[in-house]
Peer 1: 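Take a look at this one; I'll ask things after.
The basis for the numbers below is simple: all heavy atoms, side chains too, and nothing from hydrogens, waters or symmetry mates. Note that the structure is a prediction, hence the values are computed from the model and not measured. Read the numbers this way: they start at 1 and go in the same order the structure lists the ligands and their atoms.
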Amino acid sequence: MKLLEQIDQWAASHPNQPAFVWRDQQLTYGQLKTYSDALAHWIANEYNDDTPIMVYGHMQPEMLVCFLACVKAGHAYIPVDMSIPQERIVRIAENSGAKLMLAPAGVSVPDLPVRTADMSELKDIFSTYQNQAPASELAVQGEDNFYIIYTSGSTGNPKGVQITHDCLSSFVNWMTEDFNLQTGQVFLNQAPFSFDLSVMDLYPSLVTGGTLWAIDKDMIAKPKELFASLAQSGIEVWTSTPSFAEMCLMEPSFSEGMLPSLRTFLFCGEVLSNDAARQLSQRFPSAAIMNTYGPTEATVAVTEIEVTRDILEQYRSLPVGRCKKDCRILIMKEDGTVAEDGEKGEIVIVGPSVSKGYLGSPELTEKAFTVIDGERAYKTGDAGYIIDGLLFYNGRLDFQIKLHGYRMELEEIEHHLRTSTYVQAAVVLPIKKDDKYDYLLAVIVPTEHSFEKEFQLTSAIKKEIGALLPNYMIPRKFMYQSSIPMTANGKADRKKLLSEVTA
Ligand code: AMP
């Protein structure tokens, strides 16, 4: 069955089941179908082409209505979170050629040279075209784009990753088959829709008749509100970045007592540290902790492993798992040959999860994408190695700096720092003097320890990593904090840290 049919069937069988809950608002499966059909009918009448449509907002329930309406009317959607600056939104509009922006944001909407339908216009459309729907053949299918997510490009220009209906189908089938998900579960939705981690809960929840419990960025900024909402949620499946879970772990009551129904943690997007996973397994003994890995360009994630007690004991740096069945992972060496088991190289993903490329950017697409044995392949720019089919992530290849003539990867240093018994989280920042890198600063969230002075802690950490890294890669300065700040997507915010320490 196609994705949209799978979602719509819940409207027929369980029309009053909530599909989405955000603060005091909720949207049922019945409403999701009625409103998205009506809006799709309007879109199909107004836009007789396949240009993508921007959807602007944050966690409003109508965001889902807009996403489904676009694809029912044969258009891909581009989620644009309210935290994205206006100038970047303009560039997204230009690059995508969008002619329409649906804006259920409910607040002031950015001024763009694109027709905008705000919340009040959307509500008019829902009521005017109630009981109307476009022909189902019009909906996106196969190799048509389903959504386009803009990620940051190294040139500063956002790149639009095109995810087709079949890419998404392959991802959702894997999630529903391999992650022990049940029908009608409550899923946490923490990531903004413009970050593809949100897709990990959005579609698995909608095709299984689940309920998405949305946490917005204001709640995340006010821990009291956040934990009150979590305590009320009945969440069974948790999807977030490891950074977000680490932030929650700072609250002592964040445990099975607060979330008694929680059975599955799904992590993606950055390194899941052994310490964080260990703490979660102690606080949530009934929940499975799943580490997954993948870039937006390969539809959210392509590898998976349950982080069991054995895995925690066996690997200080956790593996990111085994590849989903319909895809393959190759480790490519610099000379273009495929690495042997255990040898380090670039992670290349091959198979139906891989995107068609960046919208309207053939040169960028050609650089990062290729075809291997007739299948689409994406060169991730991530370093890694495979042992017995198990993938290990080893930092970004392009995260290299030269310090005093030595080439080094900051994430490799972080990776080793995290193996220290005294380190819970670590970010390494290169500090410049007169436009040249001068020294490395390690920002550390320490584990509990009995040292009285910071310098004692520092020398204990240095001693441990000294056995793993050459001297020139050991940070000169160490700074201790109780947490690492997060970006709007929930990943460690390096830029903010750097501006704080250099201010
Ligand atoms: P994004 O496209 O924003 O999801 O970022 C994808 C990148 O996040 C990957 O290319 C990796 O560098 C990193 N990443 C994703 N999952 C993991 C993971 N489980 N462990 C470490 N890094 C990860």
Peer 1: Does any part of the side chain of Glu304, heavy atoms only, come nearer than 4.5 Å to the side chain of Arg322, both counted from C-beta?
Peer 2: no
Peer 1: With a heavy-atom distance limit of 4.0 Å, tell me whether Leu197 approaches ligand 1 through its side chain, its backbone, both, or neither.
Peer 2: neither
Peer 1: Scan side-chain atoms only and decide if Lys324 and Ser353 contain a donor-acceptor pair under the 3.5 Å cut-off.
Peer 2: yes
Peer 1: For atom 1 (P) of ligand 1, what's the nearest protein heavy atom and its distance?
Peer 2: Thr296 OG1, 3.5 Å
Peer 1: Between Phe392 and Tyr385, what is the ring plane arrangement, given parallel below 30°, perpendicular above 60°, and tilted in between?
Peer 2: parallel
Peer 1: At what distance is the nearest protein heavy atom to atom 11 (C) of ligand 1, and which residue and atom is it?
Peer 2: Asp382 OD2, 3.2 Å
Peer 1: In terms of the angle between their ring planes, are His165 and Phe146 parallel, tilted or perpendicular, with boundaries placed at 30° and 60°?
Peer 2: tilted
Peer 1: Would Asn180 and Gln182 satisfy side chain to side chain donor-acceptor pair (under 3.5 Å), going step by step from the backbone distance to the final call?
Peer 2: CA-CA 7 Å; Asn180 196 26; Gln182 317 295 318; 3.2 Å; yes
Peer 1: Select the closest option to atom 7 (C) of ligand 1 among Met200, Lys491, Glu270, Glu297, judged by heavy-atom distance.
Peer 2: Lys491
Peer 1: Mind telling me whether Phe284 and Phe254 have parallel, tilted or perpendicular rings, with 30° and 60° as the class edges?
Peer 2: perpendicular
Peer 1: Show, in sequence, the C-alpha distance, side-chain angles and deciding distance for Glu411 and Arg418, and conclude whether the salt bridge (Lys or Arg N to Asp or Glu O under 4.0 Å) test is met.
Peer 2: CA-CA 10 Å; Glu411 283 181 315; Arg418 275 188 219 106; over 6 Å; no
Peer 1: What is the closest protein heavy atom to atom 8 (O) of ligand 1, and at what distance does it sit?
Peer 2: Gly269 O, 3.2 Å
Peer 1: Taking only non-hydrogen atoms of Gly381, do any sit less than 4.0 angstrom from ligand 1?
Peer 2: no
Peer 1: Which bit of Val271 gets closer than 4.0 Å to ligand 1, counting heavy atoms only: side chain, backbone, both or neither?
Peer 2: both
Peer 1: So, 4.0 Å and heavy atoms of Val320: is ligand 1 close enough to count as a contact?
Peer 2: yes
Peer 1: What are the atoms of ligand 1, with element, lying closer than 4.0 Å to any heavy atom of Asn291?
Peer 2: 19 (N)
Peer 1: Around atom CG of Asp50, are there more than 12 heavy atoms from other residues, nucleotides or ligands closer than 6.0 Å?
Peer 2: no
Peer 1: Between ligand 1 and Thr151, can you find any atom pair, the residue atom being a heavy atom, that is separated by under 4.0 Å?
Peer 2: no
Peer 1: Considering the heavy atoms of Phe195, write down every atom of ligand 1 situated less than 4.0 Å from one of them.
Peer 2: 3 (O), 4 (O)
Peer 1: Tell me, which protein residue and heavy-atom name are nearest atom 19 (N) of ligand 1, and how many Å apart are they?
Peer 2: Thr292 O, 2.7 Å
Peer 1: Specify whether Tyr147 and Tyr77 have parallel, tilted or perpendicular ring planes, treating 30° as the upper limit for parallel and 60° as the lower limit for perpendicular.
Peer 2: tilted
Peer 1: Using a 4.0 Å heavy-atom threshold (strictly under), name the region of Tyr293 that reaches ligand 1: side chain, backbone, both or neither.
Peer 2: both
Peer 1: For atom 4 (O) of ligand 1, what's the nearest protein heavy atom and its distance?
Peer 2: Asp196 OD1, 3.6 Å
Peer 1: With a heavy-atom distance limit of 4.0 Å, tell me whether Phe267 approaches ligand 1 through its side chain, its backbone, both, or neither.
Peer 2: neither
Peer 1: Is it the case that Trp238 and Ser240 place a side-chain donor and acceptor less than 3.5 Å from each other?
Peer 2: yes
